[in-house]
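Note that the structure is a prediction, hence the values are computed from the model and not measured. Each residue takes its place number in the sequence, starting with 1.
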Amino acid sequence: MPDVFFLRDLTHPTDGHGLVYPQEDPRKGTQAFVAPREIHACLNPADAITGKHWAIAELELAPPNVREQRNNPHECNVRAGTLRLLSALPEEWRVELRGPDKARLIAAFARDEIEAAVRAEILRDFRELADQEEKNRQHRLSIEAELQAARTHADEQIAKFEQQIAEGKRSRDAVNGEVQELQELRTEENERLKELRLKAEQERNIMEERYRKLEELLTEKGGRLVALGLIDEEDLAFVRPKAPQDQEARGESLEQALGGDIARLAPWLQARLARSGLLYSQDQLRNFVTLLRTQDLVVLAGDSGSGKTSLVRAVAEAVGGTCAIIPVKPNWTGPEDLLGYYNPIERSYHPTPFLLALQAAARAPDVPYFICLDEMNLARVEHYFADFLSLLESRGHRPEIHLYTADEERHLAMEHGVFLELEAEARRRADLDEAATLEQILTNDIANNALHQLGGFRDAESVLVHHGRLRRALSAHMRMPTSLRFPENVWIFGAVNMDETTHHLSPKVLDRVHVLRFNNPMLADWDRIEAEISSVTENPEINLGLTPNDIGSRAEYPPFDRRNDAASFLAGLARNHLDPLGVEFGMRAVRQSLGYLAAAELTGIEPDKALDNVVRQKILPKIALDTSRPTADGRKRRDVLLLLREALAERLGPPEVAPGGGNAVGDLDRLIALADGSNKVANFWMR
């Protein structure tokens with residue numbers, strides 16, 4: 001078998017002009033040597049020697065010894081790695097080369113024939129696809145007919161059963177017994193409801209009594225501090241607890257407005273928000289309400305103007321809650337940028353808007369409070385938010401946020417205690433009552449001299465300096481305690497926008513959050529959304545005043561039970577697909593996903609749709625890998641991604657193509673297509 005190959009009848013690929021060596025006879029044609037390995041990469045030698053193949057390649061001058069041997073200073077070879085086939089010329093073309101001037105015509109003729117062959121092949125494939133689609137359509141019609149027959153049979157059985165009941169074939173005594181049992185159960189539930197209402201009323205009375213006593217204590221002790229000018233009435237009001245707010249003043253509860261059914265909240269929100277021109281699908285709102293019930297950290301991802309912060313603010317207002325939007329700065333580098341810091345020189349704590357929002361929520365525990373970190377990834381989230389993320393992992397109890405050491409508070413209390421004792425003795429010697437102000441003490445000679453003598457003050461200025469220092473420190477400490485319990489009525493959100501000015505979310509962050517992705521509102525199916533809104537039966541005019549417990553409460557995640565269908569499916573994805581890809585999806589993520597699925601059951605999301613949401617919000621955001629690299633067992637990562645796609649499609653169904661819809665399979669298809677069309681990097685955040 002010959003192992004020497006040449007490209008003959010060379011023409012320029014763009015203009016079709018024939019290539020002729022200057023010192024050669026034009027009638028011989030032109031050729032270029034092709035290395036055997038280049039041929040073997042495209043064809044086997046048996047096919048190559050037929051001379052029936054068209055190819056395109058780059059040429060380079062042959063080595064000097066070859067050109068000298070061939071007596072042709074212009075001798076060319078095919079440059080390594082550039083040879084690729086165009087197409088084989090079919091025998092029926094019968095193309096003959098009759099001189100270099102005809103090369104351009106032949107190249108054009110070959111190009112036309114190749115294009116015609118490709119069009120014919122595409123047309124043939126299209127017809128095959130059309131035939132297959134018709135077969136699929138007929139199959140679907142057959143399935144629908146079978147389903148209709150099954151429904152008809154079921155309806156007949158129900159009618160038969162109802163007829164049997166009407167004809168008295170079912171025991172009347174059994175029916176009466178069931179009715180009596182239901183009545184007894186209803187009576188028991190009514191009694192239980194009365195007991196719960198009585199208990200709630202008693203707890204409310206106890207709370208109001210405690211509030212009254214605390215109010216009296218603060219009034220008694222705080223009045224003296226106000227008289228001395230150490231604090232203001234505003235400082236005193238800051239620590240004075242608010243009286244329990246009447247529920248009716250805030251709006252109707254979930255029980256009053258929607259019968260206690262959290263599944264009815266999403267349709268009501270859809271109709272309510274539509275009045276303000278905000279159009280969201282019921283799927284979006286049911287998913288959002290489900291995320292609220294989990295009380296997990298939610299990251300809202302999407303371009304600017306996609307409705308991320310608008311949704312948070314609008315839902316908070318609709319349910320009678322409060323919303324605080326906290327803009328993140330690019331220079332945030334540590335926890336102090338999120339929570340503030342203690343200044344030992346000023347002996348005061350410098351809070352941030354985020355910490356002030358937490359304090360405001362703590363002072364109104366019966367009001368839902370949504371805090372949204374806007375442009376969350378302008379700074380690296382794992383730098384300034386890592387400690388807070390770890391803090392929020394405590395689910396069984398309210399985590400405590402430590403701001404600064406309690407020693408400062410004890411020192412300040414001791415200093416104020418000593419000063420109050422000194423001024424009290426000075427007032428006693430001057431026969432001044434407890435209402436005497438600092439000005440009255442300093443202008444009274446007896447009291448002024450006694451205060452200087454007892455406190456070791458040399459002049460009036462030193463008393464005022466000491467008083468000013470105590471006033472600033474006490475005011476700061478009253479407004480900012482050493483620690484703060486994370487309020488149960490707070491939901492934390494983050495809004496991110498992925499572009500060249502922002503940072504990606506680290507695996508540690510993604511492992512602890514749900515990523516809710518927003519598409520461009522211009523791609524939404526507005527007709528479908530408006531049809532949903534028109535079919536809502538809930539009254540959007542109702543004013544809701546939901547309590548935090550109406551929405552959801554922090555609780556331990558469900559335990560991992562491998563016999564649970566969803567837990568087994570997620571564990572299988574982690575073991576068979578995610579771990580080979582280098583994507584971590586551990587026990588915490590699985591249990592957090594199970595918590596979402598339990599909440600979704602109450603909010604009216606179908607089980608498979610809820611599982612699809614878990615994949616889109618907990619698994620796909622973690623995918624950022626080079627598909628060209630092999631796995632530990634030698635497989636191509638792209639092949640593992642395709643196996644993951646098959647596993648998801650088998651459980652969740654094929655991708656949906658409706659605008660604004662879709663499922664995890666469609667998202668994964670988009671991700672793989674983008675990786676194939678770019679640099680082989682599969683990244684969830686790529687556009």
Side-chain angles (χ1 to χ4, degrees), residues 1-118 120-122 626-631 633-639 675-680:
M1 184 69 64
D3 204 20
V4 178
F5 303 91
F6 293 89
L7 283 183
R8 301 184 183 277
D9 302 329
L10 302 179
T11 60
H12 194 279
T14 302
D15 54 27
H17 290 302
L19 177 63
V20 180
Y21 292 143
Q23 295 183 357
E24 294 239 341
D25 185 353
R27 293 171 297 177
K28 295 181 180 180
T30 307
Q31 63 183 20
F33 173 76
V34 186
R37 62 176 178 275
E38 302 296 324
I39 289 293
H40 295 162
C42 301
L43 293 167
N44 60 57
D47 291 334
I49 63 175
T50 63
K52 296 180 179 180
H53 299 279
W54 286 74
I56 187 169
E58 295 180 14
L59 301 185
E60 61 182 5
L61 287 175
N65 60 332
V66 174
R67 285 181 280 160
E68 182 178 356
Q69 179 182 357
R70 301 271 296 176
N71 193 26
N72 184 1
H74 303 285
E75 182 78 21
C76 291
N77 293 345
V78 171
R79 178 173 294 168
T82 64
L83 180 70
R84 51 192 174 91
L85 296 180
L86 290 176
S87 176
L89 290 177
E91 295 181 358
E92 59 268 26
W93 286 8
R94 297 181 180 177
V95 178
E96 296 180 0
L97 184 64
R98 299 179 179 176
D101 294 337
K102 300 296 184 178
R104 178 169 53 85
L105 299 177
I106 295 174
F109 176 68
R111 196 158 47 242
D112 293 341
E113 291 295 332
I114 291 172
E115 291 175 355
V118 171
E121 184 177 358
I122 292 175
D626 186 350
T627 60
S628 64
R629 291 180 54 195
T631 63
D633 57 6
R635 292 182 295 171
K636 292 183 178 180
R637 293 194 177 192
R638 186 181 185 279
D639 293 339
D676 291 344
S678 57
N679 55 359
K680 306 303 180 183

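- With rounding to the nearest 0.5 Å, the separation of CD1 in Ile56 from CZ in Arg84 is 5.0 Å.
- Nearest heavy-atom pair across Pro73 and Leu61 is O-CD2, 4.1 Å.
- Between the side chain of Glu38 and the main chain of Gly81, a donor-acceptor pair closer than 3.5 Å is present.
- Distance check: Lys636 NZ to Lys680 NZ gives 9.5 Å after rounding to the nearest 0.5 Å.
- Between Asn679 and Asp626 there is no side-chain heavy-atom pair separated by less than 4.5 Å.
- Within 6.0 Å of the CD atom in Glu60, the count of heavy atoms belonging to other residues, nucleotides or ligands exceeds 12.
- Of the inter-residue distances, the one linking Asp676 atom CG with Thr627 atom OG1 reads 6.5 Å to the nearest 0.5 angstrom.
- Under the 3.5 Å distance criterion, the side-chain polar atoms of Arg67 are matched with a main-chain donor or acceptor of Ala62.
- You'll find the side chain of Leu59 stays beyond 4.5 Å of the side chain of Asn77, heavy atoms only.
- Within the model, atoms CG of Leu43 and CZ of Phe5 stand 9.0 Å from one another, a figure rounded to the nearest 0.5 Å.
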